Number of protein chains: 2
Amino acid sequence: MRYLLVEDNDQLANAVLDRLTLDGHVVDRAPDLGTADDFIATTEYDMILLDIMLPDGDGRQFLQAHRTAQRNTPVIVLTARSEVSDRVSVLDLGADDYIVKPFDFSELEARCRAVQRRRSGGASNLHKYGDVVFDPLACTLTVNGREVRLRNRELRLFEIFIAAPDQVFSKSKLVDRLFSYDVDASENAIEVYVGRLRKHLEGAQAQIVTVRGLGYRLSLS
Amino acid sequence: MRYLLVEDNDQLANAVLDRLTLDGHVVDRAPDLGTADDFIATTEYDMILLDIMLPDGDGRQFLQAHRTAQRNTPVIVLTARSEVSDRVSVLDLGADDYIVKPFDFSELEARCRAVQRRRSGGASNLHKYGDVVFDPLACTLTVNGREVRLRNRELRLFEIFIAAPDQVFSKSKLVDRLFSYDVDASENAIEVYVGRLRKHLEGAQAQIVTVRGLGYRLSLS
DNA sequence: CCCAAGCTGACACAAACCTGACACGGAGCA
DNA sequence: TGCTCCGTGTCAGGTTTGTGTCAGCTTGGG
């Protein structure tokens with residue numbers, strides 16, 4: 001997937017860029033609308049992440065021009081909490097979704113996926129692995145028939161694992177993906193959450209295995 | 001949602017059955033028209049998936065009988081590519097949609113949803129969930145016999161929930177769907193309305209449960 | 001046997017949530 | 001215009017609970 005990230009804040013831009021790149025996407029970054037226009041003219045993107053307040057104008061102008069030009073690349077708007085009233089008008093202008101800063105990366109990823117899903121005809125997306133089924137819409141985890149109630153963070157963490165089973169995630173990577181860029185939690189938090197998830201997975205084939213010195217991975221016992 | 005699947009091919013039937021069950025639906029399977037008639041006589045379905053070529057007759061006979069008997073359960077016909085000319089006549093006979101084998105499950109799901117949507121936009125559309133019946137036209141909610149009149153906002157909110165039971169809706173999403181763009185209500189308003197709906201749902205199986213940090217969902221207790 | 005890495009029960013805190021009360025404003029009416 | 005009624009959204013405060021840290025423990029590699 002090819003992303004265009006239009007954002008003037010370097011710190012945030014780099015964080016998002018790192019995250020999406022890590023996920024295997026290609027990301028171009030434009031710090032202002034002018035650059036964004038140049039990118040758009042030459043490249044076809046799968047998704048545009050658009051900030052509202054930019055040095056050379058308002059992201060909504062860009063959005064409006066984008067839609068009136070009949071381009072239909074999905075757009076997700078990144079908006080600050082103070083711009084609350086904008087959030088809705090932005091949908092009117094043709095944005096596919098918006099996300100309020102500061103946001104967790106996992107939430108950004110979830111919204112990107114949701115938008116893509118909606119675009120491609122709205123297939124349901126249950127994740128299955130061994131005897132566990134994860135339903136991101138209902139926010140539930142089913143372990144061989146028994147439905148387990150997950151809390152917010154547990155859910156987000158498990159989502160990461162089940163999206164790429166058998167892949168090893170380092171604790172630092174998990175911290176990055178689980179927490180927003182302005183929060184820094186210790187890696188011990190990850191250990192704690194893995195512990196909690198393990199409790200929920202008791203009796204299941206699917207288990208979170210620790211790979212000493214490297215991280216954790218979801219795999220079948 | 002309760003499905004009746006009329007299909008003689010075991011392999012296909014099982015695949016569809018598994019998928020729909022995973023999605024949380026209840027599915028009965030009939031391998032022929034005789035069995036299907038038996039099921040229909042005893043159970044009320046939300047959707048019928050109907051094969052054309054069946055060991056004891058033609059699915060179109062079934063469809064025609066179904067419609068002349070004034071039953072209005074939606075029907076989606078599963079047809080093979082060779083039966084192209086049938087596809088049209090099938091709609092004439094009262095099918096709501098058709099899908100050509102082999103099909104993707106996600107496409108099947110999408111069409112089921114589309115048909116349901118179309119249905120609920122139309123004339124009589126009572127939503128039932130557990131022991132509550134919701135009539136959006138009469139603005140009433142019937143909780144095991146007791147009829148409750150809902151106010152405007154309560155109605156619109158409940159409509160969202162019952163259209164997708166078990167799905168978690170975040171407060172911000174609900175604010176978006178409930179309020180027009182020029183009104184910016186706080187998320188607390190949602191909490192208040194959920195509280196009011198809960199009062200109305202007292203004693204019912206169906207409950208609005210809060211998923212802390214994520215939102216609310218309608219589900220059976 | 002030692003040290004680093006990982007695990008976990010307990011805990012304190014802040015965010016999330018709930019709810020009774022209230023103020024606002026439009027509709028209907030005299 | 002003045003009045004009441006009713007639906008609505010906000011607010012304040014009280015309550016619940018998710019969450020991250022810590023300390024002390026266990027485990028495993030060298």
Side-chain angles (χ1 to χ4, degrees), chain A residues 81 84-85 88 100-104 106-107 139-141 148-161 168-202 207-219, chain B residues 139-141 148-161 168-202 207-218:
Chain A
R81 185 157 298 283
V84 180
S85 59
V88 252
V100 177
K101 300 191 232 177
F103 47 80
D104 287 353
S106 53
E107 193 185 345
C139 298
T140 57
L141 186 68
V148 182
R149 213 178 119 243
L150 293 189
R151 312 185 206 305
N152 193 0
R153 274 274 144 75
E154 296 168 357
L155 207 81
R156 296 264 182 80
L157 180 57
F158 191 74
E159 200 172 13
I160 295 173
F161 281 119
V168 176
F169 294 94
S170 74
K171 277 183 278 199
S172 67
K173 215 180 231 185
L174 292 173
V175 167
D176 283 354
R177 293 189 60 166
L178 215 51
F179 298 92
S180 72
Y181 54 91
D182 57 347
V183 179
D184 50 349
S186 74
E187 299 196 347
N188 177 255
I190 300 297
E191 295 168 8
V192 171
Y193 278 105
V194 167
R196 287 172 184 163
L197 272 183
R198 281 178 175 153
K199 274 234 168 57
H200 292 309
L201 289 174
E202 260 167 15
Q207 289 293 324
I208 298 179
V209 185
T210 102
V211 185
R212 212 151 220 271
L214 293 177
Y216 298 96
R217 135 183 100 207
L218 181 69
S219 62
Chain B
C139 302
T140 57
L141 191 66
V148 184
R149 190 175 149 264
L150 295 187
R151 315 184 206 304
N152 195 358
R153 276 274 141 77
E154 297 167 355
L155 188 93
R156 309 244 321 271
L157 181 57
F158 192 74
E159 204 169 14
I160 295 174
F161 281 120
V168 175
F169 295 94
S170 74
K171 278 185 279 200
S172 67
K173 275 266 145 63
L174 292 172
V175 166
D176 282 356
R177 293 189 56 172
L178 216 51
F179 297 94
S180 64
Y181 300 156
D182 50 351
V183 182
D184 53 338
S186 73
E187 300 195 345
N188 177 258
I190 300 297
E191 295 168 10
V192 171
Y193 277 105
V194 166
R196 288 170 185 165
L197 273 182
R198 280 178 176 154
K199 275 235 166 57
H200 291 136
L201 288 173
E202 260 168 15
Q207 289 293 324
I208 299 178
V209 307
T210 102
V211 185
R212 215 151 223 269
L214 294 174
Y216 298 96
R217 122 177 108 212
L218 181 69

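Order of the sequence lines fixes the chain letters, A, B, ..., with proteins taken first and strands second; residue numbering starts at 1 for each chain. Nothing here was measured: the structure is a model prediction, and the numbers come from that model.
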Task: Interatomic distance, A/Ile208 CD1 vs C/dC7 P [rounded to whole Å] - done: 10 Å
Open item on the list: Under the criterion side-chain contact (heavy atoms from CB on, under 4.5 Å), I'd like the reasoning laid out for B/Arg217 against A/Thr140: C-alpha separation, chi angles, the key distance, then a yes or no.
Closed with: CA-CA 11 Å; B/Arg217 122 177 108 212; A/Thr140 57; 3.5 Å; yes
- [ ] Would you mind reading off the distance between B/Glu154 atom CD and D/dG9 atom C1', rounded to a whole angstrom?
- [x] 13 Å
Task: Close side-chain approach of A/Phe169 and A/Leu218, heavy atoms under 4.5 Å - done: no
Open item on the list: Quick check on D/dG18: is either OP1 or OP2 less than 4.0 Å from any side-chain nitrogen or oxygen of A/Arg149?
Closed with: yes
Task: Contact summary for B/Ala185 and B/Val175, nearest pair of heavy atoms - done: O-CG1, 3.9 Å
What donor-acceptor contacts under 3.5 angstrom involve side-chain atoms of residues 207-215 of chain B, with partners at least two apart or in another chain?
{"unit_1": "B/Gln207", "atom_1": "NE2", "unit_2": "B/Leu201", "atom_2": "O", "d": "3.2"}
{"unit_1": "B/Gln207", "atom_1": "NE2", "unit_2": "B/Ala204", "atom_2": "O", "d": "3.1"}

Task: Rounded distance in Å - CZ (B/Arg156) to C1' (D/dG9) - done: 15 Å
Task: B/S/- contact track for nucleotides 8-22 of chain C, protein heavy atom under 4.0 Å - done: BS------BSBBS--
TODO: Over all heavy atoms of both residues, which pair between A/Glu154 and A/His200 is shortest? Give the atoms and the distance, please.
DONE: OE1-NE2, 3.0 Å
- [ ] Find the distance between OH (A/Tyr193) and CZ (A/Arg156) and round it off to the nearest 0.5 Å.
- [x] 11.0 Å
Open item on the list: Are the side chains of A/Lys173 and A/Tyr216 in contact, using a 4.5 Å heavy-atom criterion?
Closed with: no
Open item on the list: Expressed as a whole number of angstroms, how long is the span from B/His200:NE2 to D/dG7:P?
Closed with: 10 Å
Open item on the list: Once rounded to the nearest 0.5 Å, what's the spacing between atom OG of B/Ser170 and atom CD1 of B/Ile190?
Closed with: 9.5 Å
Task: Gap between atoms CZ and P, on B/Arg151 and C/dG26 respectively (whole Å) - done: 19 Å
Task: A/Leu157 vs A/Phe161 side-chain heavy atoms within contact, under 4.5 Å - done: yes
- [ ] Answer yes or no: does a side-chain N or O of A/Arg153 lie under 4.0 Å from OP1 or OP2 of D/dT19?
- [x] no
- [ ] Please round to 10 degrees the angle between the axis of the first five pairs and the axis of the last five pairs in the helix from C/dC1-D/dG30 to C/dA30-D/dT1.
- [x] 30°
TODO: To the nearest Å, give me how far apart CG (A/Leu178) and P (D/dG18) are.
DONE: 16 Å
